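Working notes for the structure below.
Heavy atoms only: backbone and side chains are in, while hydrogens, waters and symmetry mates are out. All ligand and atom numbering here is 1-based and tracks the order in the structure. All values reported here derive from a predicted model rather than from experimental measurement.
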Amino acid sequence: MKNSIYFFSILLLFCQCGSIKNSSFEQTNEGLKEFYKKYFNIGVAVSVSSVKNKNANLILHEFNSVTAENAMKMGPIHPAENMYNWKDADTIMAFVKNNNLKIRGHNLCWHQQTPKWMFIDSLGKKVSKQILLARLKQHIFEVVGRYKGQVYAWDVVNEAISDAPNEYLRNSEWYQIAGKEYIAKAFEYTHEADPDALLFYNDYNEISATKRAKIIKLITQLKKEGVPINGIGLQGHWAINEPSYAQLDSTLSDFSKLGLMIQITELDISVYPKEHAARERQNIDTATTFSLEKETKQAAVYKYCFELFRKYKKYINSVTFWNISDEHSWLDNFPVKNRKDYPLLFDTNNNRKAAYWEVAKWEK
Ligand code: GLA
């Protein structure tokens, strides 16, 4: 009897140790979304293959929101006037529904990845403003209508501001044919198609004081005209040398005064100094390994970016990374073709990097 009591006590102790070990393992194995649950949603841009392959587990473990990297853009989803390609977007939607995730819609009106047919008639001549706006409306009604009540926020207009210092709006085909009105119209159509969706204007290089002033001017005008807009999307394609802490602080401070919500929509931090224009790879581009120096600098930038996101948590309700891990990033081919970059929080094997821990752990 004494022996069996002894045996059971040992067994109990063993089990308790096991469960303690398990629960502390679970704690350290929490995903980013848990670290940030009192702050904002943590999102990631996904492709149709990533929601089916090994990345699916990582997505579900770390993130609670997704954006389709390409599948909902006008070119892929609406390649010809009477043809919609729903397959990829529907697959991503099913993943979202099955796993109870949030999804941001990206995007409805942009100067890139727009199908050629949108701007021309059957003879190849430019369409009128009236026809272009009717096509835009039809596109928005179809896409937003299909995912109504499921996509909680849309990037309605993407990158309408010009990068040229002396030009306000980008001289895109949208602008050339429809003038500045296409922007307000896109928001109105989207609101009509899904009155509950949150509507965003999304742009990059928002950390530049010049570009930022133009974005703020646009949003202020839209608000004055009573256009339905709920938020500003800051893409956040940044690098190890920019933004500085002060630059990002003033960026977030300026946007927070607009009285709209802010979302960081396409975050990555390149390990190369920022270059804005595409160029060929040259001899100077040989140092492409992820050195300790790059790792340290990148982790430091990620650290203060999230410090500032937390500071502005009253305004920021979502931070989305553009791509999952360093295995694949659009920056592997931009601005320098075929130069490997390492801009994300997970390495090429999906392991957490130094930058991950700078983001996940902080002194509260
Ligand atoms: C922009 C777009 C995104 C994506 C990136 C590059 O930021 O908004 O959809 O195309 O460029 O990958």
Q | Residue Lys73 vicinity, atoms of ligand 1 by number, heavy atom under 4.0 Å | A | 3 (C), 4 (C), 9 (O), 10 (O)
Q: Quick one: pull up OG1 in Thr220 and CG in Leu260 and give me the separation to the nearest 0.5 Å.
A: 8.5 Å
Q) Does Glu266 approach ligand 1 within less than 4.0 angstrom via side chain, backbone, both or neither, non-hydrogen atoms only? A) side chain
Q | Atoms of ligand 1 close to His237 [distance to a heavy atom under 4.0 angstrom, numbered from 1] | A | 7 (O)
Q.
Under a plain distance cut-off of 3.5 Å, with no hydrogens placed, do Asn55 and Asn53 share a side-chain donor-acceptor pair?
A. yes
Q: State yes or no: are the ring centers of Trp362 and Tyr36 separated by less than 6.0 Å?
A: yes
Per-pair distances, 0.1 Å, donor-acceptor, side chain in residues 115-126, under 3.5 Å, sequence neighbours excluded:
residue, atom, partner, partner atom, Å
Trp117, NE1, His78, O, 3.0
Trp117, NE1, Pro79, O, 3.2
Asp121, OD1, Leu123, N, 2.9
Asp121, OD1, Gly124, N, 3.0
Asp121, OD1, Lys125, N, 2.8
Lys126, NZ, Gln176, OE1, 3.2

Q) Is ligand 1 less than 4.0 angstrom away from at least one heavy atom of Gln112? A) no
Q: For His106, take its heavy atoms, then give the atoms of ligand 1 lying under 4.0 Å from any of them.
A: 2 (C), 3 (C), 8 (O), 9 (O)
Q: Under 4.0 Å from a heavy atom of Asn158: give me the atoms of ligand 1 that qualify, with their elements.
A: 2 (C), 8 (O)
Q | Residues which pass ring pair (Phe, Tyr, Trp, His ring centres under 6.0 Å) with Tyr356, listed by chain and number, not counting sequence neighbours | A | Phe346
Q: Measure the distances from the heavy atoms of Phe334 to every atom of ligand 1 and state whether one is below 4.0 angstrom.
A: no
Q | For Gln235, atoms of ligand 1 separated by under 4.0 Å from a heavy atom | A | 1 (C), 7 (O), 8 (O)
Q: Answer with yes or no after comparing the ring centroid distance for Trp154 and His191 against a 6.0 Å cut-off, counting only values under it.
A: no
(Q) Please classify the Trp322 to ligand 1 contact at 4.0 Å (heavy-atom distances, strictly less than): side chain, backbone, both or neither. (A) side chain
Q. Cut-off 3.5 Å, side chains only: do Asn202 and Thr265 have a donor facing an acceptor?
A. yes
